[in-house]
Amino acid sequence: EDQVTQSPEALRLQEGESSSLNCSYTVSGLRGLFWYRQDPGKGPEFLFTLYSAGEEKEKERLKATLTKKESFLHITAPKPEDSATYLCAVPLWGGSGAGSYQLTFGKGTKLSVIP
Amino acid sequence: ETGVTQTPRHLVMGMTNKKSLKCEQHLGHNAMYWYKQSAKKPLELMFVYNFKEQTENNSVPSRFSPECPNSSHLFLHLHTLQPEDSALYLCASSQGGNSGANVLTFGAGSRLTVL
């Protein structure tokens, strides 16, 4: 069964302590893997899309990588303002009627960066 | 106004009330979505509209009734809700229709509490 799983569920880091978040997926024919950031009281905000194994993308202290089975979001020297819930999502076939690809989200990793 | 705007931001209603959530996008996108976000659960896709036509209804109970009068506006009409319907309701839009692989721009959400 196609699915998206994120780990850990929550992560507490000291400011400057680098770490990685994981998103594993089981889907044949990946049509892209998306990372979003969600701050409390706000909707998710797009960060990156990765399409093929070996691809990497960077934005400030964040770097996303992709293999054939999982994606990592590496956070280098995080700051308190990086605290948020990070969501990954992949298009999965589903829906009613004839069906279509739908962007399907994992449960997210809640990151807290302590000063 | 820019981006995706949702109103109201907070709504408390009784199980017998009728209310509506409103979403407006100022991005010129042609697909609009309703997602439900509950605690400890991944975002759940409810409805998709592509060029004002509903293309997905993910087995959502009939007490939720969507309306899309044009490509910029989306409503979610609520009636006879249950306490388990309490959640954050997120509206999103994308360019290029709904392929499941387009970047979504989310609104800030409407926090619904059903008493």
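Hydrogens, waters and symmetry mates play no part in the numbers below; they use all other heavy atoms, side chains included. Just so we're clear, the structure is a prediction, and the values are computed from it rather than from any experiment. Chain letters run A, B, ... following the sequence lines, proteins first and then strands; every chain starts at 1.
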Distance col, row Leu104(B):CG vs Tyr36(A):OH, nearest 0.5 angstrom, shows 4.0 Å
If one checks every heavy atom of Glu9(A) against chain B at 4.5 Å, the contacting part turns out to be side chain
* Asked: Do Val12(B) and Phe64(B) share a hydrophobic cluster (ILVMFWY, side-chain heavy atoms under 4.5 Å, transitive)?
  -> no
Value for CD (Gln102(A)) from OH (Tyr33(B)), rounded to nearest 0.5 Å, stands at 10.0 Å
Tightest non-hydrogen contact, residues Pro42(B) and Gly106(A), listed as CB-O, 3.6 Å
Could you walk me through whether Tyr35(B) and Leu103(A) pass the side-chain contact (heavy atoms from CB on, under 4.5 Å) test, one step at a time? CA-CA 11 Å; Tyr35(B) 276 87; Leu103(A) 195 60; 3.9 Å; yes
One should read off an interatomic distance between Gln37(B) CD and Phe105(A) CZ, to the nearest 0.5 angstrom, of 9.0 Å
To the nearest 0.5 Å, atom OG1 of Thr104(A) lies from atom CG of Leu45(B) at 8.0 Å
Okay, Gln6(A) and chain B: the region with an atom under 4.5 Å from a heavy atom over there is neither
Transitive ILVMFWY side-chain link Met15(B) to Leu81(B), under 4.5 Å: yes
Are Val4(B) and Trp34(B) connected in the hydrophobic side-chain network, where two residues link if heavy atoms are under 4.5 Å apart? no
Exercise. Step through the shown structure and confirm whether more than 12 heavy atoms of other residues, nucleotides or ligands are within 6.0 Å of NZ on Lys57(A).
Key: yes
From the list Pro44(A), Gly32(A), Ala89(A), Gly108(A), the residue making the most non-hydrogen contacts under 4.5 Å with chain B is Pro44(A)
**Asked** Taking Arg9(B) for the side chain and Gly41(A) for the main chain, is one N or O donor matched with an acceptor at less than 3.5 Å?
**Response** yes
Using ring centroids (six-membered ring only for Trp), state whether Phe106(B) and Phe46(A) fall under 6.0 Å.
no
Problem - Joint hydrophobic cluster, Ile114(A) plus Leu21(A), side-chain heavy atoms closer than 4.5 Å - result: no
Smallest heavy-atom separation, Gly43(A) atom then Leu90(B) atom, equals CA-CD2, 3.8 Å
By residue number, those in residues 67-79 of chain A with heavy atoms under 4.5 Å from heavy atoms of chain B are none
>> Please say yes or no: joined through hydrophobic side-chain contacts below 4.5 Å, possibly via intermediate residues, are Met32(B) and Phe75(B) part of one cluster?
In response: no
| field | Neighbour count above 12 (heavy atom, 6.0 Å) for Arg12(A) CZ | value | no
